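These numbers were taken from a predicted model, which means no experiment stands behind them. Position 1 is the first residue of the sequence; numbering continues from there. As the structure lists them, so they are numbered: ligands from 1, and atoms in each ligand from 1.
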Amino acid sequence: MLKKAKQEKYAVPHFNINNLEWTRFILEQCQEMNSPVLLGVSEGAAKYMGGFKVVADLVKNLDAALNITVPVAIHLDHGSSVEVVKQAIEAGFTSVMIDASKYDLETNINMTKEVVELAHQKNITVEAEVGHIGGNEDGLSSEVAYANIDDCIKFVNETNIDSFAPAVGSVHGIYKGEPKLDFELMLKISDLTNLPLVLHGGSGIPDEMIKKAIECGICKLNINTDLQIVWSKAVREFLKESDAYDPRKIIKSGEASMKQAIKDKIILLGSAQR
Ligand code: 13P
């Protein structure tokens, strides 16, 4: 998926999933747009949904029931240890991220190498991070980090990863002011590593910056908060006007807005296949 995106200079969307309905909305819209997609599952989201096996089975069953034919990856987002990655792989995930970026470079390299050995035996792709990408869950992110270029080259040469998420100034969650992305750094890392690059914290970045990031080597854009904001706004508006109590009606009231947002992202990223 990402190799093709790199060759043809577009980016594949990674949307985080939280429940059955979100998974369905995303799959249906990606199918309608004919776009490949990575369904990102954080450890927290997996726990919320009942564990990695429940999520993997949910995605596979929905995929079959909805006759989805576009490429879909079930991707572990920010796996925090080799053990957690192992569990996701055993449960049926098809793509994993090991995020050991909070440790020193040598530890990050060693943990990532261990994951690559394990994953590649099963034809599962590995994403990893260098330079810790900050942010927080409750708004106003502030820690902005930029990866050291020599660290990136050493890391990529030693680990044999498939996609690479260096810190280039993005943060998870809501941005305080304009994002300060370092496009020169992105381009250098892309040229020197020749790997598809991943941009985390893809929500709240102006469209023009996303287009520029794709020109500079970004092949996967991670989006979580944007869909959460769009969905919850629609649900809040619906509940202001309605005394509905059926959870199906409440959750579904965010479907149209969420699908529109997914469509807009696919157009922006250029991932719809011709
Ligand atoms: P946002 O919540 O900022 O979109 O970040 C998502 C992300 O990077 C998941 O890994």
>> Under a plain distance cut-off of 3.5 Å, with no hydrogens placed, do N222 and H172 share a side-chain donor-acceptor pair?
In response: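 The criterion, which ignores hydrogens and geometry beyond distance, is not satisfied for N222 and H172.
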
>> Between E127 and H75, do the side chains contain a donor N or O and an acceptor N or O under 3.5 Å apart?
In response: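 Present: a donor and an acceptor within the cut-off.
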
Considering heavy atoms of the protein only, find what lies nearest to [atom] and give residue, atom and distance to 0.1 Å.
| atom | value |
| --- | --- |
| atom 3 (O) of ligand 1 | G173 N, 2.9 Å |
| atom 7 (C) of ligand 1 | H172 CD2, 3.3 Å |
| atom 4 (O) of ligand 1 | S203 OG, 2.5 Å |
| atom 8 (O) of ligand 1 | G201 N, 2.8 Å |
| atom 9 (C) of ligand 1 | D77 OD2, 3.1 Å |

Which ligand 1 atoms are under 4.0 Å away from a heavy-atom of [X]?
| X | answer |
| --- | --- |
| H78 | 10 (O) |
| N16 | 9 (C) |
| I223 | 4 (O) |
| T225 | 1 (P), 2 (O), 3 (O), 4 (O) |
| H200 | 8 (O), 10 (O) |

> Is the closest heavy-atom distance from G40 to ligand 1 below 4.0 Å?
Replying inline: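 No, G40 has no heavy atom closer than 4.0 Å to ligand 1.
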
Between the side chains of [Y] and [X], is the shortest nitrogen-to-carboxylate-oxygen separation below 4.0 Å, so that they form an ion pair?
| X | Y | answer |
| --- | --- | --- |
| K211 | E215 | no |
| D57 | K53 | yes |
| K122 | E90 | no |

> How about N123: does its CG atom have over 12 heavy atoms from other parts shown lying under 6.0 Å from it?
Replying inline: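 No, because the 6.0 Å sphere around CG of N123 holds 12 heavy atoms or fewer from other groups.
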
> Taking everything shown except Y146 itself, do over 12 heavy atoms lie less than 6.0 Å from its OH?
Replying inline: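 Count over threshold, so yes.
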
>> If I apply the N/O under 3.5 Å rule, does D226 come out as touching ligand 1?
In response: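 Checking ligand 1 against D226, no N or O pair falls under 3.5 Å apart.
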
> For ligand 1, is there an N or O atom under 3.5 Å from any N or O atom of N224?
Replying inline: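 Yes, since at least one N or O of N224 sits under 3.5 Å from an N or O of ligand 1.
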
>> Residue-level breakdown please: for I133 versus ligand 1, do any non-hydrogen atoms fall below 4.0 Å on the side chain, on the backbone, on both, or on neither?
In response: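 The answer is neither.
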
> Other than L2, what residues sit in its cluster of Ile, Leu, Val, Met, Phe, Trp and Tyr side chains whose heavy atoms are under 4.5 Å apart, directly or through others?
Replying inline: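 Members besides L2, by chain and number: M1, Y10, V12, L38.
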
Under 3.5 Å, which donor-acceptor pairs do the side chains of residues 256-267 form with other protein atoms, sequence neighbours left out?
residue	atom	partner	partner atom	Å
K259	NZ	E28	OE1	2.6
K259	NZ	E255	OE2	2.8
Q260	NE2	D264	OD1	3.0
K265	NZ	D226	OD2	2.7

